Amino acid sequence: MQVILSQIGNCILRRCELGDLIPVMEINLQTLPEHYSDYFYESLLEELPEAFIVAEINGKVIGYVMCKTEYGFSNFKKLGFVKKGHVVSIAVLEQHRGKGIGTVLVNESLKGVKMKQCGEMYLEVRCSNNDAVKLYERLGFAILQRPKSYYRDGEDAFLMAIDFTS
Ligand code: ACO
Ligand code: ZN
């Protein structure tokens with residue numbers, strides 16, 4: 001049975017299933033220059049289904065967010081070693097943007113990583129990606145670092161993170 005996590009207009013959010021991976025990969029190919037192997041999508045779905053969410057309109061997947069968990073140094077606590085959520089990729093098809101779907105996708109992924117006892121969540125985003133940076137800031141993410149030439153084409157990233165413990 002599919003559980004609807006949230007609804008925004010005629011768009012529902014639910015956990016991703018194996019059968020959604022092809023449309024998810026197609027959306028990724030259309031919207032972002034960073035692509036991944038089939039195996040990588042499957043492994044994220046297996047590892048963290050709580051934070052692999054799709055947005056669907058009339059039975060068609062139009063957006064996704066996928067995450068993983070990692071153990072590492074905290075982005076907030078000096079010398080702290082923590083379990084962190086990592087937003088690997090999020091996208092909404094262009095014709096469905098600006099309606100709040102990206103915001104609810106990130107919100108649901110935050111809930112998902114909290115279920116896995118993560119103390120914080122982080123992501124990288126292109127410095128030029130104003131819409132995405134603003135969306136993350138509105139949700140409470142802060143820009144903490146600027147990894148130089150993070151992307152293959154040489155663009156810098158912003159490393160943004162949110163602390164669940166403060
Ligand atoms: N198109 C795009 N942005 C718009 C539009 C529109 N038609 N209209 C308004 N916006 C602005 C607004 O500022 C809006 O914020 P508001 O709520 O204050 O008005 C904001 O963009 C978009 O917020 P949402 O509607 O919640 O998000 P959306 O569903 O448009 O999805 C996303 C945002 C996922 C970043 C989308 O733009 C996208 O898929 N972009 C291409 C892929 C991408 O860049 N992904 C992020 C890469 S970083 C990473 O994956 C970790
Ligand atoms: Zn990343």
Side-chain angles (χ1 to χ4, degrees), residues 5-14 16 20-21 23-37 39-41 43-45 47-48 50-58 60-76 82-113 116 118 120-163:
L5 300 169
S6 58
Q7 185 148 13
I8 175 160
N10 59 352
C11 177
I12 62 153
L13 267 71
R14 58 173 177 79
C16 182
D20 299 315
L21 288 182
V24 165
M25 288 187 253
E26 283 169 359
I27 294 170
N28 170 266
L29 285 171
Q30 282 179 44
T31 54
L32 283 165
E34 289 76 40
H35 309 309
Y36 315 94
S37 68
Y39 170 75
F40 186 64
Y41 288 88
S43 66
L44 292 185
L45 182 57
E47 182 206 315
L48 194 56
E50 296 86 350
F52 198 146
I53 313 291
V54 294
E56 181 181 271
I57 296 177
N58 298 328
K60 188 174 172 285
V61 175
I62 56 94
Y64 71 89
V65 60
M66 58 187 194
C67 306
K68 57 184 175 147
T69 56
E70 294 165 7
Y71 291 92
F73 289 109
S74 169
N75 287 302
F76 297 97
V82 292
K83 186 176 183 184
K84 308 187 265 193
H86 178 175
V87 184
V88 175
S89 182
I90 173 170
V92 172
L93 285 179
E94 196 166 3
Q95 62 269 36
H96 298 289
R97 289 183 197 157
K99 294 190 267 177
I101 297 169
T103 301
V104 278
L105 279 170
V106 178
N107 257 325
E108 288 302 329
S109 72
L110 288 168
K111 286 189 207 165
V113 299
K116 304 301 274 186
C118 290
E120 47 196 76
M121 173 97 125
Y122 81 97
L123 56 83
E124 300 93 6
V125 57
R126 285 178 184 269
C127 293
S128 62
N129 195 344
N130 295 318
D131 281 341
V133 171
K134 267 191 296 170
L135 186 162
Y136 302 137
E137 281 180 333
R138 260 191 292 118
L139 289 173
F141 286 81
I143 296 173
L144 298 183
Q145 293 170 32
R146 183 178 175 136
K148 292 278 167 231
S149 301
Y150 178 81
Y151 295 97
R152 275 170 178 243
D153 60 9
E155 184 169 354
D156 294 354
F158 284 136
L159 186 148
M160 300 183 72
I162 181 169
D163 187 358

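We count ligands from 1, going down the list as the structure has it; atoms in each ligand are counted the same way. Because the structure is predicted, anything quoted here is derived from the model rather than measured.
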Does Asn75 offer a backbone N or O that forms a donor-acceptor pair with the side chain of Glu120 under 3.5 Å? yes
If we only count heavy atoms from C-beta on, is the Glu108 to Val65 side-chain gap below 4.5 Å? no
Decide yes or no for Tyr136 and Asn129: does some side-chain heavy atom of the first lie under 4.5 Å from some side-chain heavy atom of the second? no
Under 4.0 Å from one or more heavy atoms of Arg138, ligand 1 contributes atoms 14 (C), 15 (O), 16 (P), 17 (O), 18 (O), 20 (C), 23 (O)
Considering only N, O or S atoms, which atom of Glu124 is nearest to the Zn ion (ligand 2)? OE1
Looking at Tyr136, which atoms of ligand 1 are within less than 4.0 Å of one of its heavy atoms? 46 (C), 48 (S), 49 (C), 51 (C)
Could you go through the side chain to side chain donor-acceptor pair (under 3.5 Å) check for Tyr151 and Glu124 one step at a time? CA-CA 10 Å; Tyr151 295 97; Glu124 300 93 6; 5.8 Å; no
With only distance considered, is His96 within less than 3.5 Å of ligand 1 through an N or O on each side? no
Sub-4.5 Å side-chain heavy-atom contact between Glu26 and Leu93: no
Residue, atom name and distance, where the atom is the protein heavy atom closest to atom 32 (C) of ligand 1: Leu135 CD1, 4.6 Å
So, for atom 19 (O) of ligand 1, does the protein have a heavy atom nearer than 4.0 Å? no
So for Thr103 against ligand 1, with non-hydrogen atoms under 4.0 Å, the contacting part is both
Which of the numbered atoms in ligand 1 are under 4.0 angstrom from any heavy atom belonging to Ser89? 50 (O)
For Lys134, the ligand 1 atoms whose distance to one of its heavy atoms is below 4.0 Å: 13 (O)
When you look at His96 and Cys11, which way does the side-chain contact (heavy atoms from CB on, under 4.5 Å) test go after all the steps? CA-CA 10 Å; His96 298 289; Cys11 177; over 6 Å; no
Show me which atoms of ligand 1 lie under 4.0 Å from any heavy atom of Leu32. 42 (C), 43 (C), 44 (O), 45 (N), 47 (C)
Distance to 0.1 Å, residue and atom name: give those for the protein heavy atom nearest to atom 7 (N) of ligand 1. Arg97 O, 3.6 Å
Ile90, any N or O under 3.5 Å of ligand 1 N or O: yes
Applying the side chain to side chain donor-acceptor pair (under 3.5 Å) test to Thr69, which of Glu47, His86, Lys84, Lys83 qualifies? Glu47
Which ligand 1 atoms does Asp131 reach within 4.0 Å, using its non-hydrogen atoms? 2 (C), 3 (N), 11 (C), 21 (O)
Using a strict cut-off of 4.0 Å, indicate which atoms of ligand 1 neighbour a heavy atom of Glu124. 48 (S), 49 (C), 51 (C)
Mark up the atoms of ligand 1 that fall under 4.0 Å of a heavy atom belonging to Val87, in ascending order. 51 (C)
Heavy-atom distance from atom 42 (C) of ligand 1 to the protein below 4.0 Å? yes
Donor-acceptor under 3.5 Å (Glu50 side chain, Lys116 main chain): no
Which is closest to atom 8 (N) of ligand 1 by heavy-atom distance: Ala157, Ala132, Gly98? Gly98
For residues Tyr36 and Val88, determine if any side-chain heavy atom of one lies less than 4.5 Å from a side-chain heavy atom of the other. yes
Determine, for Lys134 against Glu137, whether the closest basic-nitrogen to carboxylate-oxygen distance falls under 4.0 angstrom. no
So which bit of Val104 gets within less than 4.0 Å of ligand 1, heavy atoms only: side chain, backbone, both or neither? neither
Can you tell me the protein heavy atom closest to atom 39 (O) of ligand 1 and the distance? Val92 N, 2.8 Å
Report the nearest protein non-hydrogen atom to atom 44 (O) of ligand 1: residue, atom name, distance rounded to 0.1 Å. Asn129 ND2, 2.7 Å
Ion pair Glu34/Arg126, N-O distance below 4.0 Å: yes
Do Tyr41 and Asn28 get their side chains close enough for a donor-acceptor pair, meaning under 3.5 Å? yes
Closest to atom 28 (P) of ligand 1 among Ala91, Ser128, Gly102, Gly100 (heavy-atom distance): Gly102
Measure from atom 4 (C) of ligand 1 to the protein's non-hydrogen atoms and state whether any distance is below 4.0 Å. yes
Minimum heavy-atom distance between Val113 and Cys67, given as atom pair plus value: CG1-CB, 4.5 Å
